[in-house]
Asks: 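The structure's right below; bear with me while I get my questions together.
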Number of protein chains: 2
Amino acid sequence: MSFSEGKKATRQRVIMTELALSPSVRTSELATRLGVSAETVRRDIEEMTRRGLVSRTYGGATGLQLGLQPGFQDRDATAVQERDTIARMAVRMVKPGDVLMIDSGSTTAHFARALAYSIDGLTVITNCLAVAQALAPQKKTRVVLCPGEFSAHEGGVYGPETCAFLDRFNADIAFIGASGLTPDGPNDVESGACWVKRKMLERAERRALLVASSKFNRRHLELVCRLRDLSDIVTEALPTGPMADALRISGVTLHVREDRLSEAS
Amino acid sequence: MSFSEGKKATRQRVIMTELALSPSVRTSELATRLGVSAETVRRDIEEMTRRGLVSRTYGGATGLQLGLQPGFQDRDATAVQERDTIARMAVRMVKPGDVLMIDSGSTTAHFARALAYSIDGLTVITNCLAVAQALAPQKKTRVVLCPGEFSAHEGGVYGPETCAFLDRFNADIAFIGASGLTPDGPNDVESGACWVKRKMLERAERRALLVASSKFNRRHLELVCRLRDLSDIVTEALPTGPMADALRISGVTLHVREDRLSEAS
DNA sequence: TCAAAAATTTTGGACATTCCACATTAGTAT
DNA sequence: ATACTAATGTGGAATGTCCAAAATTTTTGA
């Protein structure tokens, strides 16, 4: 009888579907709709809660509100302070009317939010949904979104379509992020993301890397480019050791600020 | 004593805050925490539900998920029921492995959410961010996002880039929405959106319009296409009068609610 | 095929929530 | 102050939910 998946799996899939359509479901309704007893539904919900799929409530369940992609903003929710400093510094590189390319990532998205209320008349080309959403409400900013395969994990689009599209534009400044920075240069875990970053760097006059100091000396799958291929690096703490040496030699402009000022007490 | 906002407003603000921290709140707990009777909390929740701020559940409330475009889902927060019925019916037109084009809009986004957990192996081409985000978490679904100028109001991309991009693809079914439907055909307030819809219809074998019956006989700026240019219309209530006549003549397949089915077998 | 294991339903009582009508209180305008 | 309206509290009946244990069905494995 059963061919592809068990009854339980089917039931739980229906629950997820139901939850995708409405913010909450009720045990009793599900029981009727699924033709099983309330107890069974309750057990399903309990199990799904354990697995982190839903959140149990009195009388039913609700989906987990994920503000965004799981792992996109959560990835380092602790680093808000650092990202904030970086974002503010990076904003100072931009002047009204500039054409920007902005990469996907939590740091660049934060930068975009800071940009939104600071500078007018921008044109922003991005492959990141969060960046687009941050900037678009500003009437005076034009946001161009790249095509490509959408990755929920990264919250952006990637692939040959993306690169080919970027190839048709010229920008004043490109802002890219990275999952690591070594003396060799910025690197990233995603190969698809690397190609997009490279293409952005290629099409822009100034080429800025936004990176938290916690990423220093972290080595990942693929090298995006050499240090000397960047024109600016924006970070919140001075690098040390080999990293500092490599930066000095590369001739990249380093934007750092240590003043730890908060919002008025 | 009171200077800025009334007690009720403060209470409801607390409820919203609480809801931002956890996916659901319980009436009883709120009552204790707020120092008011459960009945008052219940009345608050009821009012907030009417205003579309939260969703009432048995024993409490949950936030509305899919936190995206402000004004995107709000536009007609009341029509959830209708959209829900439409979404479920539309899902039944799709089979595993299909290539779909999905337009931007609240109805189509809802459809995408219903699709996400129902059908595997899809390829979806869309100009709508919400659609992409709804479908992308499904590993077995491929989501291709169109390029274009991003409109925060619509939550999607538009313009010549978008149309030119769509022109390169072929789809099994196109699902479009509309702000109005008259005997002439579907129409929309946004000219840019119309062009995208037309292009999607042009590139797909089956051409389905998802529209709530509340949109019947509403006339807006621009006609998207003729009725006969559509192959299917999915709605939740039978049209009447001239609208019904026009539909019969046009030869479009009409899908109206026939729900109340559970899975089983 | 049969028996053990797992999943599901049933049952019943304890407890929680809702709903509604009405009493009470707070807030506001006259 | 007075009268009026909105907001909140109270009580009890009706309904819904939870939980645990036992009975039943389905699935699994040899």
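Throughout, protein chains are lettered first and strands after them, A, B, ... in sequence-line order, and every chain is numbered starting at 1. Predicted, not measured: the structure shown is a model, and the values here were computed from it.
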Asks: B:L30 CG to C:dA16 P: how many Å, rounded?
Replies: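 Rounded to the whole Å, the gap is 17 Å.
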
Asks: Nearest heavy-atom pair of B:L135 and B:A112: which atoms, and what distance?
Replies: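 Shortest heavy-atom separation between B:L135 and B:A112 comes out as CD2-O, 3.5 Å.
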
Asks: Please tell me which of the listed nucleotides, C:dT8, D:dG11, D:dG16, lies nearest to the side chain of A:T40?
Replies: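 Closest nucleotide among those given: C:dT8.
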
Asks: If we count only N and O atoms by modelled type, under 3.5 Å, do the side chains of B:Y158 and B:S104 hold a donor and an acceptor together?
Replies: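 Note: B:Y158 and B:S104 side chains meet the donor-acceptor criterion.
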
Asks: Does a side-chain heavy-atom distance below 4.5 Å link B:L254 with B:P239?
Replies: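 Yes, side chains in contact.
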
Asks: Using the side-chain heavy atoms of B:K8, tell me which of these nucleotides is nearest: C:dT17, C:dT8, D:dA7.
Replies: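 The answer is D:dA7.
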
Asks: Strictly below 4.0 Å: does B:R26 bring a side-chain N or O up to OP1 or OP2 of C:dA16?
Replies: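 For B:R26, the contact criterion (side-chain N or O under 4.0 Å from OP1 or OP2 of C:dA16) is not met.
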
Asks: Provide, to the nearest angstrom, the distance between the CG atom belonging to A:D44 and the P atom belonging to C:dA7.
Replies: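 Spelled out: CG on A:D44 to P on C:dA7 is 11 Å.
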
Asks: What I'd like to find out is whether the side chain of B:V131 reaches to under 4.5 Å of the side chain of B:F111, using heavy atoms alone.
Replies: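 Side-chain contact under 4.5 Å: no.
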
Asks: Under 4.0 Å from OP1 or OP2 of C:dT9: is there any side-chain N or O of A:R43 that close?
Replies: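 For C:dT9, OP1/OP2 do not have a side-chain N/O of A:R43 under 4.0 Å.
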
Asks: What's the closest nucleotide to the side chain of B:R56 if the choices are D:dT8, C:dT18, D:dT10?
Replies: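 Of the candidates, C:dT18 comes closest.
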
Asks: What's the closest nucleotide to the A:E39 side chain, out of C:dT9, D:dT10, D:dG16?
Replies: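 Of all the options, the side chain of A:E39 is nearest to C:dT9.
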
Asks: May I ask you to evaluate whether A:R42 reaches the phosphate of D:dA20, defined as a side-chain N or O under 4.0 Å from OP1 or OP2?
Replies: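 It does not, given that no N or O in the side chain of A:R42 lies less than 4.0 Å from OP1 or OP2 of D:dA20.
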
Asks: A:T27 side chain N/O closer than 4.0 Å to the phosphate oxygens (OP1, OP2) of D:dT17?
Replies: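 For A:T27, the contact criterion (side-chain N or O under 4.0 Å from OP1 or OP2 of D:dT17) is not met.
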
Asks: Whole angstroms only, please: what is the CG-P distance between A:L34 and C:dA7?
Replies: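 Atom CG in A:L34 sits about 17 Å away from atom P in C:dA7.
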
Asks: Tell me which of B:R11 and B:Y58 sits closer to the 5' end of DNA chain D, going by the nucleotide each one is nearest to.
Replies: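 Closer to the 5' end of DNA chain D: B:R11.
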
